[in-house]
Amino acid sequence: MELLLLADPSEEKIRSYLSGSKCFVASSGAVVVGACVVQPRGEGTHELMSIAVHPVCQKSGYGTALLKWVIDFFRNSGARQLEVGTGTFGYQLAFYQRHGFRVASIDRGFFVKNYPEPIFQDGIQLFDMLRLTLRYSGNGA
Ligand SMILES: CC(C)(COP(=O)(O)OP(=O)(O)OC[C@H]1O[C@@H](n2cnc3c(N)ncnc32)[C@H](O)[C@@H]1OP(=O)(O)O)[C@@H](O)C(=O)NCCC(=O)NCCS
């Protein structure tokens with residue numbers, strides 16, 4: 001939970017999607033340093049609900065290794081696509097797109113409609129959510 005709160009400030013929301021989801025962790029020795037929660041959405045679609053790495057371990061490659069592992073896991077299980085929702089700015093956008101996620105749509109006002117307190121990143125308030133999709137098959141068009 002401590003890790004997942006880094007990616008989503010609402011413990012209530014995290015608890016609501018934990019059941020029915022798969023949780024993957026990255027560890028360094030016996031210590032868990034990262035976590036990723038993925039929920040099935042039906043018809044071969046899975047949604048990455050959260051991914052986080054402990055602050056002291058960030059920028060060391062754990063997040064990339066964990067995301068790659070999760071992408072490969074669902075590819076090998078025969079999934080059609082992975083989805084994720086993220087803010088409209090920040091390094092997370094590059095993080096996902098580097099691994100093949102593409103912008104699918106925008107959920108305007110998501111972060112103000114779904115959270116009681118304003119959320120800031122790099123001093124900028126988050127308003128809208130970008131929906132990104134990674135399709136396992138397809139030519140990128
Ligand atoms: C997103 C996250 C899981 C990435 O994990 P990580 O272990 O830091 O990732 P990596 O070390 O593999 O780095 C991936 C890229 O992100 C960049 N990055 C990671 N943390 C960063 C930060 N705080 N600020 C700027 N860039 C950052 C890295 O520099 C790297 O980019 P590069 O290859 O161009 O150098 C992690 O930063 C995190 O837990 N963030 C807080 C929670 C969050 O925002 N989750 C995503 C919700 S949409």
Side-chain angles (χ1 to χ4, degrees), residues 1-138 140-141:
M1 183 55 69
E2 184 193 337
L3 280 172
L4 298 177
L5 281 167
L6 296 169
D8 186 335
S10 168
E11 183 166 342
E12 192 187 341
K13 278 200 193 320
I14 295 169
R15 293 204 181 279
S16 75
Y17 60 65
L18 269 185
S19 70
S21 293
K22 282 191 163 61
C23 189
F24 303 84
V25 297
S27 54
S28 173
V31 182
V32 170
V33 295
C36 178
V37 178
V38 182
Q39 192 169 70
R41 287 282 184 230
E43 299 180 6
T45 295
H46 300 264
E47 180 168 354
L48 200 153
M49 305 301 291
S50 177
I51 184 165
V53 167
H54 195 284
V56 299
C57 298
Q58 287 176 12
K59 299 191 189 179
S60 306
Y62 289 108
T64 294
L66 182 57
L67 183 63
K68 276 187 176 169
W69 203 93
V70 167
I71 289 171
D72 287 345
F73 175 88
F74 285 99
R75 176 187 290 109
N76 295 335
S77 75
R80 194 168 57 88
Q81 62 181 29
L82 265 186
E83 297 179 352
V84 68
T86 189
T88 49
F89 57 89
Y91 68 92
Q92 294 90 341
L93 258 185
F95 176 67
Y96 293 122
Q97 294 194 53
R98 193 176 282 144
H99 296 284
F101 284 85
R102 300 263 308 271
V103 175
S105 62
I106 182 162
D107 192 341
R108 275 186 72 82
F110 176 89
F111 293 106
V112 279
K113 285 183 222 154
N114 288 279
Y115 291 85
E117 302 290 334
I119 304 172
F120 288 87
Q121 181 177 332
D122 299 331
I124 307 167
Q125 186 174 354
L126 274 174
F127 288 100
D128 312 310
M129 174 188 268
L130 274 186
R131 303 284 315 169
L132 310 183
T133 300
L134 181 153
R135 297 203 175 112
Y136 285 113
S137 58

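Counting starts at 1 for both ligands and their atoms, in listed order. It should be emphasised that the depicted structure is a prediction, and the values quoted were computed from it without experimental measurement.
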Legend entry - R131/E83 ion pair, N-O < 4.0 Å: yes
Legend entry - 4.5 Å side-chain heavy-atom contact, E47 and Y17: no
Legend entry - Proximal protein residues to ligand 1, non-hydrogen atoms under 4.0 angstrom: L6, A7, I51, A52, V53, Q58, K59, S60, G61, Y62, G63, T64, T86, Y91, Q92, F95, Y96, R98
Inset, instruction - Would you please name every residue forming a ring pair (Phe, Tyr, Trp, His ring centres under 6.0 Å) with F127, sequence neighbours left out? - result: none
Inset, instruction - Could you tell me which residues satisfy side-chain hydrogen bond (donor to acceptor under 3.5 Å, both in side chains) with Q58, sequence neighbours excluded, listed by chain and number? - result: none
Inset, instruction - Please list, chain by chain and in numerical order, all residues satisfying side chain to side chain contact (heavy atoms under 4.5 Å, CB included) with T64, sequence neighbours excluded. - result: K68, F95, H99
Inset, instruction - Compare all side-chain heavy atoms of L82 with those of T45 and state whether any distance is below 4.5 angstrom. - result: no
